[in-house]
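First the structure, in the form of structure tokens, and then the observations on it.
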Amino acid sequence: MYDVLIIGGGVAGVSCALILGSAKNKHFVADKKIGIITHQKASSLQQALFNNAYGIPAGKTGAQLLSESLEQLSMLYPHIDQIPREKVCEIQGSFPEFTVVTNKNTYKAKAIVVAVGYSDTFNIPGLMQFVEPHPKAVPEKNRIWLRNVDHKVSDGIYVAGNLAGYRSQLSIAAGSGASVATDILTEWNNGAHSQSHDKI
């Protein structure tokens, strides 16, 4: 049983995982089991080139970032389970026990973070009741979002990145994933506001 299972290995999903991973020494995180399904094949970053994202050297490609971010997560926070080459097909159940069905396996989770693309090809039974037209995309692109309030779709279901209703910018998606992580940390800390910082 995962305490949280992140669905999506793009900017928002990995950003969420990095923050949760960095909080491993906090007393309220020490016993938590965290996983991330790192499917990246459909990520819009595959064709991206970055010259305008804070902290990222100009000329960095999205494909490089996708690979490097998972390597960083693995190197710094190996306690987070990375589940590669699986695609989520269905979400069953409700809080506090979800069943995440992929094309290869089934996982149990108390909470999930949905951080996949916002294309109208999105089709994950168990989440379709939350799908609406994206509020910050041009209508002809047929983008969608999961209806939410401050990233929370319903009890135990969070959404991050473009699918949360944000515009398609790497910095925004990264911040969205980080924001979800701090909300989860706060929940684990019995509602006391929490974040995770490293210091020199």
Side-chain angles (χ1 to χ4, degrees), residues 1-21 23 28-29 31-44 70 73 77 79-135 142-166 173 176-191:
M1 172 72 78
Y2 285 100
D3 289 280
V4 63
L5 183 58
I6 301 163
I7 301 168
V11 177
V14 177
S15 178
C16 183
L18 286 167
I19 298 293
L20 292 175
F28 55 87
V29 180
D31 63 341
K32 301 299 189 222
K33 185 170 174 62
I34 304 163
I36 178 171
I37 296 174
T38 59
H39 188 271
Q40 296 180 328
K41 192 173 182 181
S43 173
S44 57
L70 291 181
L73 181 63
Y77 312 118
H79 63 287
I80 293 185
D81 290 344
Q82 290 192 36
I83 305 166
R85 296 179 296 279
E86 294 188 31
K87 187 174 181 180
V88 173
C89 301
E90 186 176 0
I91 305 295
Q92 301 171 350
S94 59
F95 179 77
E97 186 173 324
F98 295 96
T99 300
V100 178
V101 181
T102 76
N103 57 329
K104 296 181 181 179
N105 291 295
T106 299
Y107 304 94
K108 297 285 188 183
K110 294 178 182 176
I112 60 172
V113 177
V114 187
V116 297
Y118 66 150
S119 165
D120 64 347
T121 59
F122 179 96
N123 183 20
I124 302 177
L127 297 176
M128 299 308 293
Q129 67 270 32
F130 305 114
V131 171
E132 293 181 352
H134 198 283
N142 297 317
R143 303 301 190 192
I144 57 104
W145 76 316
L146 295 188
R147 184 179 63 251
N148 69 89
V149 176
D150 194 21
H151 295 102
K152 191 168 186 178
V153 177
S154 67
D155 287 343
I157 303 177
Y158 297 87
V159 60
N162 304 136
L163 192 61
Y166 294 102
S176 173
S179 181
V180 169
T182 60
D183 287 346
I184 291 169
L185 292 176
T186 296
E187 187 172 307
W188 288 347
N189 196 25
N190 295 316

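Sequence positions, counted from 1, serve as the residue numbers for this chain.
Here Asn162 contributes atom CG and Leu146 contributes atom CG; the two are 11.5 Å apart, rounded to the nearest 0.5 Å. A distance of 11.5 Å separates CD of Glu90 from OG1 of Thr102, quoted to the nearest 0.5 Å. Atom CZ of residue Phe98 and atom CE of residue Met1 lie 10.0 Å apart, to the nearest 0.5 angstrom. Atom CH2 of Trp145 sits about 9.0 Å away from atom OH of Tyr166, to the nearest 0.5 Å. The line from NZ of Lys33 to CD1 of Ile80 is 11.0 Å long, rounded to the nearest 0.5 Å. One finds the CG atom of Asn148 at 8.5 Å from the CG atom of Leu163 (value rounded to the nearest 0.5 Å).
Side chains of Ser119 and Arg143 form a contact here, defined as non-hydrogen atoms less than 4.5 Å apart. For the pair Leu20/Tyr77, no side-chain contact is recorded, criterion being any heavy-atom separation below 4.5 Å from C-beta on. In this structure, Asp183 and Lys152 have side chains that are not in contact, with every pair of non-hydrogen atoms separated by 4.5 Å or more.
In this structure a side-chain-to-backbone donor-acceptor pair under 3.5 Å is missing from His39 to Val116. Lys104 contributes a side-chain N or O that, together with a main-chain N or O of Arg85, makes up a donor-acceptor pair within less than 3.5 Å.
The shortest heavy-atom contact between Phe28 and Asn189 is CD2-OD1, 3.2 Å. Considering every non-hydrogen atom in both Gly156 and Phe95, the closest pair reads CA-CD1, 3.7 Å. Contact between Ser176 and Gly161 at its shortest, heavy atoms only, is OG-N, 2.8 Å. Nearest heavy atoms, Ala160 versus Gly177: CB-CA, 4.0 Å. The shortest non-hydrogen separation linking Cys89 to Pro125 is O-CD, 3.0 Å. Closest of all the heavy-atom pairs between Gly9 and Val14 is O-CG2, 3.4 Å.
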Q. Could you walk me through whether Ile112 and Tyr2 pass the side chain to side chain contact (heavy atoms under 4.5 Å, CB included) check?
A. CA-CA 9 Å; Ile112 60 172; Tyr2 285 100; over 6 Å; no
Q. Given Ile157 and Phe130, is the side chain to side chain contact (heavy atoms under 4.5 Å, CB included) satisfied, shown in steps?
A. CA-CA 11 Å; Ile157 303 177; Phe130 305 114; 4.3 Å; yes
Q | Working for side chain to side chain contact (heavy atoms under 4.5 Å, CB included), residues Ile36 and Leu73 | A | CA-CA 10 Å; Ile36 178 171; Leu73 181 63; 4.0 Å; yes
Q.
Apply side chain to side chain contact (heavy atoms under 4.5 Å, CB included) to residues Val114 and Val153 and explain how you reach the verdict.
A. CA-CA 10 Å; Val114 187; Val153 177; over 6 Å; no
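Residues satisfying the salt bridge (Lys or Arg N to Asp or Glu O under 4.0 Å) test with Glu132, not counting sequence neighbours, are Arg147. Listed by chain and residue number, Lys108 satisfy the salt bridge (Lys or Arg N to Asp or Glu O under 4.0 Å) test with Glu97 (two or more places apart in sequence, or in another chain). Legend: residues meeting ring-ring contact (aromatic ring centres under 6.0 Å, His included) with Tyr158, ordered by chain and number and at least two apart, are absent.
Here the options are Ile34, Val4, Ile19, Val29, the test is side-chain contact (heavy atoms from CB on, under 4.5 Å), and the partner is Ile184; only Val4 passes. The side-chain contact (heavy atoms from CB on, under 4.5 Å) with Tyr107 is formed by just one residue from the set Ile7, Ile83, Thr99, Asp81; it is Ile83. When the options Val100, Val101, Thr106 are evaluated for a side-chain contact (heavy atoms from CB on, under 4.5 Å) with Gln92, the one that passes is Val101. Screening Thr38, Ile37, Val113 for a side-chain contact (heavy atoms from CB on, under 4.5 Å) involving Ile6 leaves a single residue, Val113.
One finds a salt bridge joining Asp3 and Lys110 here, because a Lys/Arg side-chain nitrogen approaches an Asp/Glu carboxylate oxygen to under 4.0 Å.
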